[in-house]
Peer 1: 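Structure provided below as structure tokens; questions to follow.
For clarity, every value in this text was computed on a predicted model and none was experimentally measured. Labels below follow one simple rule: chain letters A, B, ... track the order of the sequence lines, proteins then strands, and each chain is numbered from 1. The figures here come from the full heavy-atom set of this structure, side chains too, leaving out hydrogens, waters and symmetry mates.
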Amino acid sequence: MKLITHNMLTSKCLKGVMTGYPLAINATDIKVTEVDFNPEFITRVIPKLDWEVLWAAANSIGHGEGLPKTLEPKFEENEDLLKKVHKVLLEVEVEEGNLTCPESGRQFPISKGIPNMLLTEAEVQ
Amino acid sequence: MDEEKKTERKRKRFAARLKSSKGITCSEVPGPNIVLCNAGQATGLDKDAVFDLIKEHGLNIPLPKFIAEKGESHSFLVFDSTENAQLFYNICNGKAKADENGTPLYLNFVEEVPNTEIICPHENPKGLLFLNDFISEEEEKQFIKLFDWNSDSNNLKNRQVRHFGYEFRYGSNDVDLNNPLIEKIPEECDVLWKRLKEQGLDVGVPDQLTVNKYSPGQGIPSHVDKHSPFGDTILSVSLGSNVVMDWKHHSGKYVPTIVQARSLLVMQDEARYDWQHGIQPRNWDPVIENRVENSRNIKVITSDTVPRDTRISLTFRWTRRGPCECKYKTLCDSAEKVSADNLEDALASNLEELHVHQVYEQIAGHFSTTRHKPWPKVVQFMERVSPGSVVMDLGCGNGKNILKRDDIVQIAGERSSGLLAECKEHIRDISRADCVRLDLLNATLKDEAADIVICIAVIHHFSSRARRLQSISTIYRLLRKGGSALITVWAKDQTKSNYLCKSKQDQQNENLAETQVTVGGVNLPVHENRTQFKHQDLLVPWKLRKVSDKKLANSPDNTLLRYYHVFEENELDELCKEANFTIEDSFYEEGNWCVVCKKK
């Protein structure tokens, strides 16, 4: 699971859960693979992210170094920053671990890099 | 060039080709097994032609076993000895004709021949009784004399037929009780029930008889004798030829049985009410052997065959009035049917679990080998997605629609873990794609997170309208304002696609009865693959083939049933509009209805 995916995952479907976002990450195995850097791509994707959630997620798995808590207005001109975002969004992957719903505590296992977000019929609203 | 050298060169080329494309190892050392390199089931070669070759050349040897696998243009012969195989080889290799055009036939020795035997693991249907040699040869002659005819009376396409007592009406599969025939069941038949009673089975006296005359090559489609017009027992006397009758149960069980000439077949109980029976249209029947394996009696359908002769069957029935009162509801015309259209959610969910989710888990690997190319229209749509977009492929399957683009985010969501594992492998080199296991109805993704959603061949697996609408509403929820979606579903009308197979379609038109399966009280018809859809809610068979395990290759146990709701024209458009979408494009493509819609 990449952090860009984590940025979009929610457990809001659970019965009794209001927002279910962001999910807490508990990673037992993290993989870092080099990926070609494409600054235009990162520049286009950043506005679509919940920045604070990305920042917190990156820090929670020990890859937040150098990421500012708030995004500067002209981030696209800061190549250093774009490279850091590139790394946490695309190069860092949680291979094993789990995600936890912030309200209900329901855990979703991550195995072989794939988070299992399936819910039973009884769990959904 | 020297003819012999040419033949030798060709023979070796065939050996090399068989090795590389089929994995068949030919041998330069003679043995009892021979492969016919360029003649097989696919080239129209049959056992007759092979045996004619042997007779033509005046070979006085025991006939070999002939093994021709379906769809192959080679076949095998197993002789009783190397010596006889060598004789055949010497006479035929490069000299005999492989087809009508006179192409020479090439032969090679092989060490191994495929095992095309199929083990039938199931018992005969309950209530099915074979009384072999029930009548004597003399009686058989008398019956044939009594019932045979040469005129083309009531020529059904596949066989000839006569009726006594009441006429069997093929449109409604019943009789008109108010219109009895003048011709009653001949009294010569009375000996049958008398004898049956002597043997301890008192079934009374039937009042309706149908006589069928089957020439070799003719058969009867799988059917159950309609429940309500007829009683608990059906008798069938066979004259003139043995035949293999196939029995199919809606649970997927399949049992072939030999019906011998001069036998009486008694159908009661499950065999009468809960199984379908039929005879395949062919000139030969497989030889079925009973063997003992691990001290268990098993039935083996061998690759050997026996020819059919003209067979006359006498089917005796007892007419009855009122609705059928049997306890077998699946095939019963009197049982109440539940329509699959407005299923309660729990029922729908159960149906999808059994006939969608579980099936995909089982077929994931096999499915993936048959679905590796994305559809051109999907590729076209995906290629036009603007850089920096977040794309969600919901129900992504094995990920074949994830493009190798490095300027967009692609999130692949899928419910089947088997397919998702394939997808993960597929996107390994696509660094901006990622996989999530999720269910479209309760997609654990944030509102308005996607610029683009594609949902290809997914929504036809939801079994109620409410659930289909919910799935499209989910897509709407996930899209940002201005975002768009491509949704495709299987169309009921397959006439403008490659899906239909002409010969199968013709066969289907003749088929009188269709199989139905009950899932949690819902009756669903089982679709005949490659034919036009007759219903909107149905089960589509998926045949698993295991190359590694030949014995199971054709076993009907490996047929899985997938639930589909096939869409009428505009049905998808209506659902999209109901979910607040604006339709931008709507078209029919290769048997699918496709909609491009926008969240405004």
Peer 1: Could you please state which residues from residues 442-456 of chain B sit under 4.5 angstrom from chain A, measuring non-hydrogen atom to non-hydrogen atom, sorted by number, or 'none'?
Peer 2: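 N442(B), A443(B), T444(B), L445(B), K446(B), D447(B), A449(B), D451(B) fall under the 4.5 Å cut-off.
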
Peer 1: Is it the backbone or the side chain of E40(A) that comes under 4.5 Å from a heavy atom of chain B, or both, or neither?
Peer 2: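 When you check distances to chain B, no heavy atom of E40(A) falls under 4.5 Å.
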
Peer 1: Examine whether an atom of H86(A) lies under 4.5 Å from a heavy atom of chain B, and if so say whether it belongs to the side chain, the backbone or both; otherwise answer neither.
Peer 2: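 Side chain only.
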
Peer 1: Which residue out of T43(A), L23(A), T33(A), L9(A) racks up the most heavy-atom pairs below 4.5 Å with chain B?
Peer 2: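 Top count of heavy-atom pairs under 4.5 Å with chain B: L9(A).
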
Peer 1: For chain A, which residues from residues 407-417 of chain B lie under 4.5 Å away (heavy-atom distances)?
Peer 2: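 Result: D407(B), I408(B), V409(B), I411(B), R415(B).
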
Peer 1: Do you know which of N7(A), D50(A), V35(A), D36(A) has the most heavy-atom pairs under 4.5 Å to chain B?
Peer 2: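 The candidate making the most pairs under 4.5 Å is V35(A).
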
Peer 1: If you round to the nearest 0.5 Å, how far is OG of S431(B) from CD of E34(A)?
Peer 2: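 Answer rounded to 0.5 Å: 11.0 Å.
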
Peer 1: Find the one option among K12(A), E91(A), E121(A), K112(A) whose heavy-atom pairs under 4.5 Å with chain B are most numerous.
Peer 2: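 So the answer, after comparing K12(A), E91(A), E121(A), K112(A), is E121(A).
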
Peer 1: For K598(B), is the NZ atom crowded, meaning more than 12 foreign heavy atoms sit under 6.0 Å from it?
Peer 2: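 No, NZ of K598(B) has 12 or fewer neighbouring heavy atoms, counting only those of other groups under 6.0 Å.
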
Peer 1: Enter the distance from S389(B):OG to R44(A):CZ here, rounded to the nearest 0.5 Å.
Peer 2: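 S389(B) OG to R44(A) CZ: 8.5 Å, rounded to 0.5 Å.
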
Peer 1: Look at D439(B), V436(B), L438(B) and state which one has the largest set of heavy-atom pairs under 4.5 Å with chain A.
Peer 2: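 Heavy-atom pair counts peak at V436(B).
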
Peer 1: Are there over 12 heavy-atom neighbours, none belonging to K87(A), within less than 6.0 Å of that residue's NZ?
Peer 2: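 No, NZ of K87(A) has 12 or fewer neighbouring heavy atoms, counting only those of other groups under 6.0 Å.
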
Peer 1: Go through K424(B), R480(B), R432(B), M392(B) and name the one with the most non-hydrogen pairs under 4.5 angstrom from chain A.
Peer 2: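 Of the options given, most contacts go to R432(B).
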
Peer 1: Between R437(B) and P115(A), is any pair of side-chain heavy atoms under 4.5 Å apart?
Peer 2: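 Result no, sub-4.5 Å side-chain heavy-atom pair not found.
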
Peer 1: Does CD in E65(A) sit with more than 12 non-hydrogen atoms of other residues, nucleotides or ligands closer than 6.0 Å?
Peer 2: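 At most 12 heavy atoms, drawn from other residues, nucleotides or ligands, come within 6.0 Å of this atom.
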
Peer 1: Can you tell which of V45(A), I42(A), N38(A), I110(A) has the highest number of heavy-atom pairs within less than 4.5 Å of chain B?
Peer 2: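 Heavy-atom pair counts peak at N38(A).
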
Peer 1: Please identify, among L49(A), L118(A), T5(A), the residue contributing the most non-hydrogen atom pairs under 4.5 Å to chain B.
Peer 2: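 So the answer, after comparing L49(A), L118(A), T5(A), is L118(A).
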
